[in-house]
Amino acid sequence: KIFPVLAFYYDLTGQWMDLLALTQIALEYAQLIGDLDSIVYIETHVLSWMLSDQGRHEEAERYNADALKAVRQLGDISRQCEVLVNYSRIFRRRKMFDQALACCQQAFQLVPQLADAQQKYLRAYIEYELGKFYRDCGDWQGAQHHLYAARDVFRHDESDPVFNMELAWGILSNLGFVEHQLGNLDSAEQLYLQCLSFFRELGSRGNMATQLARLALLEEQRGNLAVALEYANEALDWSRRLGMVEEEAQMEALGVRLSEEGN
């Protein structure tokens with residue numbers, strides 16, 4: 001029962017290797033006592049999420065598939081939507097875009113079965129994933145449209161949120177990324193710095209590493225090589241510690257470019 005709090009602490013402090021070991025123990029106990037609620041939480045919100053960030057997509061998919069069986073057994077429509085969205089995330093990271101979009105569409109079809117109070121949050125959660133889907137497809141207007149829809153519900157300035165605030169800041173970070181790709185560097189930087197401040201204090205180290213990497217690339221584009229290198233080095237350090245292979249490769253390549261440009 002205390003695992004979610006421990007998971008938050010280990011994530012906040014960037015101890016992902018220890019968290020993975022602890023998660024396996026927690027999952028074993030949950031399976032022994034048949035605690036389906038805990039199994040779904042562990043497999044969806046910790047194991048498949050972290051493993052996908054580490055490029056271990058097939059393992060992530062296996063855990064997510066098991067979680068989907070569990071929520072269907074429980075008859076929990078809301079959590080079934082969440083697991084389908086997580087499936088979409090895994091497929092998106094593998095560049096399997098047709099499958100990713102199909103998972104979001106399946107989730108949307110389930111939303112009308114929920115109570116009215118739940119529907120707007122689940123729709124916004126799916127909209128957020130669709131925003132990232134179109135982002136990864138390079139459709140900046142499409143990404144912006146879905147991210148705005150998510151932001152209208154998950155607001156970062158909400159005084160008494162009923163949701164995880166990191167979600168709201170993740171949406172804001174992705175809106176900054178879209179601004180960056182559209183060439184609006186000043187507005188992108190402003191959003192990036194706001195998000196970095198939150199992630200440093202209360203966010204996942206994984207989100208912080210991603211934010212640092214985005215700032216590094218923005219400063220490279222501006223020609224601020226020293227600042228870009230500072231962000232890149234911190235992003236590289238965290239991505240190595242967390243095992244985030246995509247960010248690690250991206251920052252290693254950036255480091256080489258900055259070194260060449262500096263010479």
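Within a 6.0 Å sphere centred on CD of Glu230, heavy atoms belonging to other residues, nucleotides or ligands number 12 at most. In the displayed structure, Glu158 atom CD is contacted under 6.0 Å by more than 12 heavy atoms of other residues, nucleotides or ligands.
To the nearest 0.5 angstrom, Ile33 atom CD1 is 6.5 Å from Ser38 atom OG. Here the CZ-CG distance, from Phe108 to Leu130, works out to 5.0 Å after rounding to the nearest 0.5 Å. Atom CD1 of Ile171 is separated from atom CG of Leu191 by 12.5 Å, given to the nearest 0.5 angstrom. Rounded to the nearest 0.5 Å, atoms CG (Leu182) and CD (Gln141) are 5.5 Å apart. If you take CZ on Arg123 and CD on Glu127, they are separated by 9.5 Å, rounding to the nearest 0.5 Å. Note that OH of Tyr148 is 6.0 Å distant from CG of Leu175, once rounded to the nearest 0.5 Å.
Between Leu242 and Gln54, the closest side-chain pair of non-hydrogen atoms is not below 4.5 Å. By the 4.5 Å heavy-atom criterion applied to side chains, Leu185 and Glu189 are not counted as neighbours. Looking only at side-chain heavy atoms (C-beta outward), Phe154 and Met165 stay at 4.5 Å or farther from each other. A heavy-atom distance below 4.5 Å is found between the side chains of Gln194 and His156. Side-chain contact between Gln99 and Tyr87 is absent, with no heavy-atom pair separated by less than 4.5 Å. With a 4.5 Å cut-off on side-chain heavy atoms, Ser78 and Leu122 count as touching. By the 4.5 Å heavy-atom criterion applied to side chains, Arg151 and Tyr128 are not counted as neighbours.
Across every non-hydrogen atom of Leu12 and Leu202, the tightest pair is CD1-C, 3.5 Å. Taking all atoms of both residues into account, the shortest heavy-atom contact from Leu236 to Glu248 is CD1-O, 3.7 Å. Minimum interatomic distance between Val85 and Glu129 (heavy atoms only, all atoms of both residues): CG1-CB, 3.7 Å. In this structure, Ala209 and Met244 approach most closely via the heavy-atom pair CB-SD, 4.2 Å. Here the closest non-hydrogen pair linking Leu110 and Cys81 is CB-SG, 3.7 Å. The minimum heavy-atom distance between Ala235 and Met251, with the atom names listed, is CB-CG, 3.8 Å.
With Gln73 as the fixed residue, the side-chain contact (heavy atoms from CB on, under 4.5 Å) test singles out one of Val40, Leu68, Leu36: Leu36.
Of the possible polar contacts, none joining the Asn174 side chain to the Phe177 backbone as a donor-acceptor pair under 3.5 Å is found. Judged by distance alone, with hydrogens and angles left aside, the side-chain atoms of Ser197 form no donor-acceptor pair with the main-chain N or O of Leu193 at under 3.5 Å. A distance-only check finds no donor-acceptor pair linking the side chain of Ser52 to the backbone of Ser48 [under 3.5 Å]. Judged by distance alone, with hydrogens and angles left aside, the side-chain atoms of Ser88 form a donor-acceptor pair with the main-chain N or O of Ala100 at under 3.5 Å. Although no hydrogens or angles enter the test, the distance criterion places a donor-acceptor pair under 3.5 Å between the side chain of Arg79 and the main chain of Asp37. Checked by atom type and distance alone, the side chain of Asp76 never pairs as donor or acceptor with a backbone atom of Arg72 at under 3.5 Å.
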*Run the side-chain contact (heavy atoms from CB on, under 4.5 Å) check on Glu166 and Phe198 step by step: do they pass?*
CA-CA 8 Å; Glu166 188 152 5; Phe198 172 84; 4.1 Å; yes
*Where do Val46 and Phe3 land on the side-chain contact (heavy atoms from CB on, under 4.5 Å) test, with the steps shown first?*
CA-CA 11 Å; Val46 184; Phe3 174 76; 3.9 Å; yes
*Carefully, step by step, assess Arg240 and Glu252 under the rule side-chain contact (heavy atoms from CB on, under 4.5 Å).*
CA-CA 10 Å; Arg240 283 174 173 166; Glu252 284 178 345; 3.2 Å; yes
*Might you work through the side-chain contact (heavy atoms from CB on, under 4.5 Å) test for Lys132 and Arg135, ending with a clear yes or no?*
CA-CA 5 Å; Lys132 292 184 284 185; Arg135 176 202 71 189; 3.8 Å; yes
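His146 and Tyr134 have parallel rings, their planes meeting at less than 30° on a 0 to 90° scale where 60° marks the start of perpendicular. Ring geometry for Phe163 against Tyr121 counts as tilted: the plane angle lies between 30° and 60°, on a 0 to 90° scale. Between Tyr41 and His45, the ring-plane angle classifies as tilted under the 30° and 60° cut-offs.
Ion pairing between a basic and an acidic side chain is recognised when a charged N comes within 4.0 Å of a carboxylate O; Asp35 and Lys1 show such pairing. In summary, Glu61 and Arg56 do not engage in a salt bridge, as defined by a charged side-chain N under 4.0 Å from a carboxylate O. Comment: Asp66 does not engage Arg62 in a salt bridge, judged by the lack of any side-chain N to carboxylate O separation of less than 4.0 angstrom. Ion pairing of Asp53 with Arg93 is present here, as a side-chain N (NZ or NE/NH1/NH2) and a carboxylate O approach within less than 4.0 Å. In summary, Arg257 and Glu260 do not engage in a salt bridge, as defined by a charged side-chain N under 4.0 Å from a carboxylate O. Using a cutoff of 4.0 Å between basic side-chain nitrogens and carboxylate oxygens, Asp186 and Arg222 are scored as salt-bridged. The residues Glu247 and Arg214 are annotated as not salt-bridged, no charged nitrogen and carboxylate oxygen being separated by less than 4.0 angstrom.
Side-chain contact of Gln221 with His180: a donor-acceptor pair under 3.5 Å is present, judged by distance alone. Asn64 and Glu43 share no donor-acceptor pair across their side chains, judged by distance under 3.5 Å alone. Counting only N and O atoms by type, the side chains of Glu179 and Gln144 include a donor and acceptor under 3.5 Å apart. Side-chain contact of Asp11 with Ser204: a donor-acceptor pair under 3.5 Å is present, judged by distance alone.
Cluster annotation: Leu20 and Val5 are assigned to distinct hydrophobic clusters (Ile/Leu/Val/Met/Phe/Trp/Tyr, side-chain heavy-atom contacts under 4.5 Å, transitive). A chain of hydrophobic side-chain contacts below 4.5 Å, direct or via other Ile, Leu, Val, Met, Phe, Trp or Tyr residues, connects Leu51 to Leu22. There is no path of hydrophobic side-chain contacts, each under 4.5 Å, that joins Trp238 to Leu254. Under a hydrophobic clustering in which Ile, Leu, Val, Met, Phe, Trp and Tyr are joined whenever their side-chain heavy atoms come within less than 4.5 Å, directly or via other members, Ile2 and Leu47 fall into the same cluster. Under a hydrophobic-cluster definition in which Ile, Leu, Val, Met, Phe, Trp and Tyr are linked whenever side-chain heavy atoms come within less than 4.5 Å, directly or via other members, Leu217 and Val227 are assigned to different clusters.
Hydrophobic cluster membership of Ile90, counting Ile, Leu, Val, Met, Phe, Trp and Tyr whose side-chain heavy atoms lie under 4.5 Å apart directly or via other members: none, as it forms a cluster of its own.
Judged by the 6.0 Å and 45° rule, Arg205 forms no cation-pi pair with Trp16.
The aromatic ring centres of Phe133 and Phe97 sit less than 6.0 Å apart.
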